[in-house]
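This is a predicted model, so every value here is computed, not measured. Reckoned from all heavy atoms, side chains included, excluding hydrogens, waters and symmetry mates.
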Amino acid sequence: MQKKSDGQNYAPRSQGKTVPVAAPGEFRVGVMALDHGHIYGMCNGLAEAGAEIALVWDPDPEKTLAFQKAFPQVRIARSRDEILENGDIRLIACAAVPGDRCDLGVAALRSGHDFFVDKPPLITREQLKQAREAVWETGRKYGVYYSERLHVEAAVRAGELLQEGAIGRVVQVMGWGPHRVGPVSGRPDWFFDKSRYGGILVDIGCHQIEQILTFAGAEGARIAHSRVANFAHEEHPRFEDFGDVNLICDNGAAGYFRVDWFTPSGLGAWGDGRTLILGTEGYIEIRKYIDVASDAEGDHIYLADRKGEHHIRAAGTCGFPFFGRFIRDCLDRTEMAMTQEHAFAAVELAIEAQERAWSSGTDGYRETGE
């Protein structure tokens, strides 16, 4: 089996049919803070759905020039304020350092723009309070790029199957979100600083919580148990390379997820992300990025129901409808793509899990007391 690149595919493109939902020039996007490569996937999804990526700003000129190569039509702004003060910009997209995202989001909302930010959208309870207040006071949107569900066709198709009742009532959702650290020297300092990335359960755990709530059809949940650890990066004591959480959803469904930074170098993808959904009449397994030792491509769904066993190759079947819906939500002031409360609920639970987590490692375990 041919091995994939070690780098994440930050800019997935729709293999299905994409229909623009906005007229040329109707939905202009300003981009700021290019600290995480997810900004490419965010903007590509918006562009496919009809958005114009118009302005970009980052204090690092190398980052803006690289972004301009990917989106040749974009103009490099002279400052952050040039984007914030531009009345023709409908939406501001951002992938700053996680700890800096809330301040930029509040500034975007208070300047009259909707906001679209990489996950995690913020990292503390105080930031969540500030974001909620800004949304309430301005009526603007604080959208979140939960890419592991929104930008994976197998996850999109699995959601459709659940809506169709393919496995009956969902009783449990389990998720696995392994990631590859890669060469440590290639990571910025903030990547290892918990005060800036929020901890593993906030940083990449919010992905999993968002999926559990969505696939379980729940509005909220209670954290039953959470744990974090630093097993293999003692040289970075503020880093966490493992975490897991048990949840009980408000509709009775159970949830569990594990996140880690232990993807082996021999795997042909940056992470073997999977989701297993158990229903009263069957179950669904999503193999997002690779089918190990079988298929180097991802977007696989395995479904067992009362009729038999099914293997669905989801690539090219449904595209990524979130982006078009989100654009229309911004233009029409609706909530078809994702409700604001859902976007905040996922990260609020992630923050709670992080705060309550036991810390374990080679020296046993202890309560974090955060």
J.: Please work out which of the three classes, parallel, tilted or perpendicular, describes the rings of H179 and W270, given edges at 30° and 60°.
T.: tilted
J.: Ignoring hydrogens and angles, state whether a donor on the side chain of T214 or H342 is under 3.5 Å from an acceptor on the partner side chain.
T.: yes
J.: Please determine whether ring pair (Phe, Tyr, Trp, His ring centres under 6.0 Å) holds for the pair H151 and F322, giving the CA-CA distance in whole Å, both sets of side-chain angles, and the decisive distance to 0.1 Å.
T.: CA-CA 8 Å; H151 226 166; F322 167 82; 8.9 Å; no
J.: Using side-chain heavy atoms (C-beta onward) and a distance below 4.5 Å, is L161 in contact with I312?
T.: yes
J.: What I'd like to find out is whether the side chain of L150 reaches to under 4.5 Å of the side chain of M338, using heavy atoms alone.
T.: yes
J.: Report the distance from atom CZ of R140 to atom CZ of R333, rounding to the nearest 0.5 Å.
T.: 4.0 Å
J.: Answer whether the closest heavy-atom distance between the side chains of I167 and T280 falls below 4.5 Å.
T.: no
J.: Identify, with sequence neighbours excluded, every residue that meets salt bridge (charged side-chain N to carboxylate O under 4.0 Å, His left out) alongside R28.
T.: E52
J.: Do W358 and S226 have side chains that approach each other closer than 4.5 Å (heavy atoms only, starting at C-beta)?
T.: no
J.: Within this structure, what is the CG-CZ distance for the pair N230 and F192, rounded to the nearest 0.5 Å?
T.: 10.0 Å
J.: Any side-chain donor-acceptor pair under 3.5 Å between S195 and D193?
T.: yes
J.: Which residues satisfy the salt bridge (charged side-chain N to carboxylate O under 4.0 Å, His left out) test with K288, sequence neighbours excluded?
T.: E148
J.: Would you mind reporting whether R258 and P178 have side-chain heavy atoms less than 4.5 Å apart?
T.: yes
J.: For a quick test of reading the model, state the closest non-hydrogen atom pair linking A154 to I286 and the distance between them.
T.: CB-CG2, 3.6 Å
J.: Applying salt bridge (charged side-chain N to carboxylate O under 4.0 Å, His left out), name anything that partners E335, two or more places apart in sequence or on another chain.
T.: none
J.: With a 4.5 Å limit on heavy-atom distance, are the side chains of P120 and R101 in contact?
T.: yes
J.: More than 12 foreign heavy atoms under 6.0 Å from CD of E219: is that the case here?
T.: no
J.: Grab the two heavy atoms, one from A216 and one from N251, that are nearest each other, plus how far apart they are.
T.: O-ND2, 2.8 Å
J.: Are D58 and T64 close enough that a side-chain donor and a side-chain acceptor fall under 3.5 Å?
T.: no
J.: Hey, are D100 and R196 close enough for a salt bridge, meaning a charged N less than 4.0 Å from a carboxylate O?
T.: yes
J.: Tell me whether the centres of the aromatic rings in F326 and F116 are closer together than 6.0 Å.
T.: yes
J.: Can a donor-acceptor pair be found, under 3.5 Å and without considering hydrogens, that links the side chain of D295 to the backbone of I290?
T.: no
J.: More than 12 heavy atoms of other residues, nucleotides or ligands under 6.0 Å from OH of Y283: is that the case?
T.: no
J.: Could you pull out the closest heavy-atom pair between G324 and V21, with the gap in Å?
T.: O-CG2, 3.5 Å
J.: Answer yes or no: does atom CD of E62 have more than 12 heavy-atom neighbours from other residues, nucleotides or ligands under 6.0 Å?
T.: no
J.: What's the shortest heavy-atom distance between V144 and P121, and which atoms?
T.: CG2-CB, 3.7 Å
J.: Does the side chain of L276 reach to within under 4.5 Å of the side chain of V173, using non-hydrogen atoms?
T.: no
J.: Could you check whether any side-chain N or O of Q354 sits under 3.5 Å from a backbone N or O of I351, counting only pairs where one atom can act as donor and the other as acceptor?
T.: no
J.: Please determine whether a side-chain nitrogen of the Lys or Arg among E137 and R110 lies less than 4.0 Å from a carboxylate oxygen of the Asp or Glu.
T.: yes
J.: Does the Lys NZ or Arg CZ of R187 fall within the cation-pi geometry relative to F191 - under 6.0 Å from the ring centre and within 45° of the axis?
T.: yes
J.: For the CD atom on E126, are there more than 12 heavy atoms of other groups (residues, nucleotides or ligands in this structure) within a distance under 6.0 Å?
T.: yes
J.: Please check if the number of heavy atoms outside D189 that lie under 6.0 Å from its CG is greater than 12.
T.: no
J.: With rounding to the nearest 0.5 angstrom, report the CG to CG distance, D244 to D260.
T.: 10.0 Å
J.: Given 3.5 Å as the limit, does a donor-acceptor pair link the side chain of D305 with the main chain of G308, or not?
T.: yes
J.: Before you tell me yes or no, could you show the steps for R157 and E164 under salt bridge (charged side-chain N to carboxylate O under 4.0 Å, His left out), namely the whole-Å CA-CA distance, both residues' side-chain angles and the distance that decides it to 0.1 Å?
T.: CA-CA 11 Å; R157 182 69 187 111; E164 295 164 7; 3.6 Å; yes
J.: Ring-plane angle category for H233 and F239, please: parallel below 30°, perpendicular beyond 60°, tilted otherwise.
T.: perpendicular
J.: Roughly how far, to the nearest 0.5 Å, is OH of Y256 from CG of L247?
T.: 11.0 Å
J.: Distance check, rounded to the nearest 0.5 Å: R90 atom CZ versus I327 atom CD1?
T.: 11.0 Å
J.: Determine whether a donor-acceptor pair (N or O, by modelled atom type, separation under 3.5 Å) exists between the side chain of R356 and the backbone of I223.
T.: yes
J.: Classify the side-chain pair Y289/D272 by whether it contains a donor and acceptor separated by less than 3.5 Å.
T.: no
J.: Could you tell me how the ring of Y40 sits relative to the ring of F71: parallel (under 30°), tilted (30 to 60°) or perpendicular (over 60°)?
T.: parallel
J.: Closer than 3.5 angstrom, by distance alone: can the side chain of H113 be matched with the main-chain N or O of L84 as a donor-acceptor pair?
T.: yes
J.: Using 4.0 Å as the upper bound for N to carboxylate O, is an ion pair formed by E82 and R80?
T.: no
J.: Between D291 and Y302, do the side chains contain a donor N or O and an acceptor N or O under 3.5 Å apart?
T.: yes
J.: Going through the distances and angles, do M32 and L104 end up as a side-chain contact (heavy atoms from CB on, under 4.5 Å)?
T.: CA-CA 9 Å; M32 62 171 59; L104 291 172; 3.9 Å; yes
J.: Between R132 and E348, is there a side-chain N and carboxylate O pair less than 4.0 Å apart?
T.: yes
J.: What closest approach, in Å, do D250 and A218 show between heavy atoms, and which atom pair accounts for it?
T.: OD1-CB, 3.4 Å
J.: Verify whether one side chain among H225 and N246 offers a donor that lies under 3.5 Å from an acceptor in the other.
T.: no
J.: Let me confirm one number: the CG-CG distance from L349 to L201, rounded to the nearest 0.5 Å.
T.: 11.5 Å
J.: How are the rings of F323 and Y145 set relative to one another: parallel (under 30°), tilted (30 to 60°) or perpendicular (over 60°)?
T.: tilted
J.: Over all heavy atoms of both residues, which pair between L162 and V170 is shortest? Give the atoms and the distance, please.
T.: CD2-CG2, 3.9 Å
J.: Would you say E235 has more than 12 foreign heavy atoms packed within less than 6.0 Å of its CD?
T.: yes
